[in-house]
Amino acid sequence: FETATQDLIDMSVLAPPAELRELRGKTLYLNGRAVTDIDALLVADNTKLFLISCKKYLIRVDYLAGEYPAARSGMQRLDLALDEWKDRVTTLENSPIGDNYDFSGYDIQGFIVLPELMFTPREDSRETIHFGQAELFFTKVESFGQLAATLEMASWPPEPPALRALRLSDQ
């Protein structure tokens, strides 16, 4: 799943430069201690580095049926993943240069990619991280399909200002 996610990114306009791409799958160290490994990464606007945690949580039939124990278990797993990834990304934001990485000059952000979306009532799971054109963003929890759609939209040419003004005046 991690490789498929990075392969999708690598075929897009948000593919990271080679020196960052080499960090995919490697454990990052800070002061001799492991911080995390990067499942996938992308770069937007040459300044925003998105570090991605891929969680291959498969949706079971009892979850789809809305059975409470399965829904609660899925929500707890996702909430734990959100907390862990936030802590790890914060560590990298606070220390952009480590033993084997250099993220200096980048605005570091992070999000989680799942094969399919899972429910959590946490507002931070729906927090948006905008980049490029105002309409482009990732949420803190993305499905693989949502990621693919956003990557495709990022490659579209910008809307001409006159057409944008016309469209906005019609609203």
Side-chain angles (χ1 to χ4, degrees), residues 1-28 35-59 63-64 74 77-93 96 101-120 122-161 163-165 167-168 171:
F1 183 56
E2 298 168 4
T3 304
T5 300
Q6 188 65 57
D7 288 347
L8 181 68
I9 293 165
D10 289 346
M11 293 185 294
S12 78
V13 297
L14 301 180
E19 65 274 6
L20 290 178
R21 173 62 173 85
E22 291 174 5
L23 296 175
R24 197 222 68 79
K26 293 199 168 125
T27 301
L28 304 182
V35 176
T36 191
D37 66 315
I38 302 299
D39 295 339
L41 63 154
L42 61 85
V43 173
D45 306 326
N46 295 317
T47 60
K48 291 191 179 188
L49 172 61
F50 291 90
L51 304 176
I52 302 166
S53 177
C54 298
K55 299 295 183 191
K56 192 174 179 182
Y57 298 159
L58 300 178
I59 307 295
Y63 180 92
L64 293 173
R77 287 176 68 197
L78 180 54
D79 289 349
L80 179 61
L82 278 164
D83 290 338
E84 287 178 351
W85 196 238
K86 179 181 178 180
D87 288 345
R88 292 175 182 170
V89 170
T90 298
T91 297
L92 297 170
E93 285 176 312
Y101 67 90
D102 183 351
F103 298 147
S104 58
Y106 288 100
D107 172 23
I108 302 170
Q109 301 283 334
F111 63 91
I112 295 172
V113 173
L114 305 170
E116 299 177 70
L117 282 183
M118 295 178 70
F119 173 75
T120 179
R122 287 178 48 164
E123 289 183 25
D124 62 338
S125 71
R126 296 178 299 281
E127 181 182 322
T128 58
I129 313 163
H130 291 263
F131 66 94
Q133 303 167 27
E135 297 86 14
L136 294 176
F137 62 89
F138 296 109
T139 56
K140 291 289 185 169
V141 178
E142 291 273 322
S143 71
F144 188 81
Q146 286 174 305
L147 175 65
T150 302
L151 293 172
E152 180 182 340
M153 287 186 290
S155 70
W156 295 349
E159 187 175 51
L163 183 59
R164 180 177 173 81
R167 182 175 55 81
L168 293 175
Q171 293 180 354

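Along the sequence shown, residues are numbered consecutively beginning with 1.
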Quick one: are the ring centres of Phe137 and Phe131 less than 6.0 Å apart?
no
So does Glu19 have more than 12 non-hydrogen atoms from other groups sitting under 6.0 Å from CD?
yes
Once you round to the nearest 0.5 Å, how far does CD1 of Ile38 lie from CZ of Arg88?
9.5 Å
Would you indicate whether the side-chain heavy atoms of Asp107 and Phe50 approach each other to under 4.5 Å?
no
How close do Thr120 and Ser125 get, heavy atom to heavy atom, and via which atoms?
CG2-OG, 3.4 Å
Okay, side chain of Asp39, backbone of Cys54: is any donor-acceptor separation there less than 3.5 Å?
yes
4.5 Å side-chain heavy-atom contact, Gln109 and Lys140:
yes
Under 6.0 Å from the CG atom of Asn46, do we count more than 12 heavy atoms belonging to anything else shown?
no
Between Glu84 (side chain only) and Ala81 (backbone N and O only), is there a donor and an acceptor less than 3.5 Å apart?
no
Any side-chain heavy atom of Phe1 sitting closer than 4.5 Å to one from Pro115?
yes
Could you pull out the closest heavy-atom pair between Ala40 and Thr5, with the gap in Å?
CB-CG2, 3.9 Å
Non-hydrogen side-chain atoms of Pro17 and Val43 separated by less than 4.5 Å:
yes
Full working for salt bridge (Lys or Arg N to Asp or Glu O under 4.0 Å) between Arg21 and Asp10:
CA-CA 9 Å; Arg21 173 62 173 85; Asp10 289 346; 2.6 Å; yes
Report the C-alpha separation of Glu2 and Arg24 in whole Å, then their side-chain angles, then the decisive distance to 0.1 Å, and conclude whether the salt bridge (Lys or Arg N to Asp or Glu O under 4.0 Å) test is met.
CA-CA 9 Å; Glu2 298 168 4; Arg24 197 222 68 79; 3.7 Å; yes
Which distance, rounded to the nearest 0.5 Å, do you find between the CD of Gln146 and the CG of Leu151?
11.5 Å
Which atoms form the tightest heavy-atom contact between Glu116 and Ile59, and what is the distance?
OE2-CG1, 3.7 Å
Please name the pair of heavy atoms, one in Ile108 and one in Leu92, separated by the smallest distance, quoted to 0.1 Å.
CD1-O, 3.5 Å
Could you tell me whether the side chain of Glu142 and the main chain of Thr139 form a donor-acceptor pair under 3.5 Å?
yes
Counting distance only, does the side-chain N/O of Arg122 pair as donor-acceptor with the main-chain N or O of Asp79 below 3.5 Å?
yes
Could you tell me whether a side-chain N or O of Trp85 sits under 3.5 Å from a main-chain N or O of Ile52, the two making a donor and an acceptor?
no
Any side-chain heavy atom of Leu147 sitting closer than 4.5 Å to one from Phe138?
yes
Beyond-backbone contact of Leu20 with Leu41, side-chain heavy atoms, under 4.5 angstrom:
yes
I'd like to know if the side chain of Lys48 reaches the main chain of Gly132, judged simply by a donor and an acceptor atom lying under 3.5 Å from each other, with no hydrogens or angles considered.
no
Looking at Leu14, is its backbone amide N or carbonyl O close enough to the side chain of Ser12 to form a donor-acceptor pair, meaning the two atoms are under 3.5 Å apart?
yes
Within this structure, what is the CG-CZ distance for the pair Leu49 and Phe103, rounded to the nearest 0.5 Å?
5.5 Å
More than 12 heavy atoms from other groups under 6.0 Å of NZ on Lys86:
no
Contact between Leu136 and Met153 at the side-chain level, heavy atoms closer than 4.5 Å - yes or no?
yes
So, Thr47 versus Asp45: side-chain donor-acceptor pair below 3.5 Å or not?
no
Taking the side chain as everything from C-beta on, heavy atoms only, tell me whether Phe144 gets closer than 4.5 Å to Leu8.
yes
To the nearest 0.5 Å, what is the distance between CG (Leu114) and OG (Ser143)?
8.0 Å
To the closest 0.5 Å, what do you measure between CG (Leu51) and CG (Leu42)?
9.0 Å
Once rounded to the nearest 0.5 Å, what's the spacing between atom OG1 of Thr36 and atom NZ of Lys26?
15.0 Å
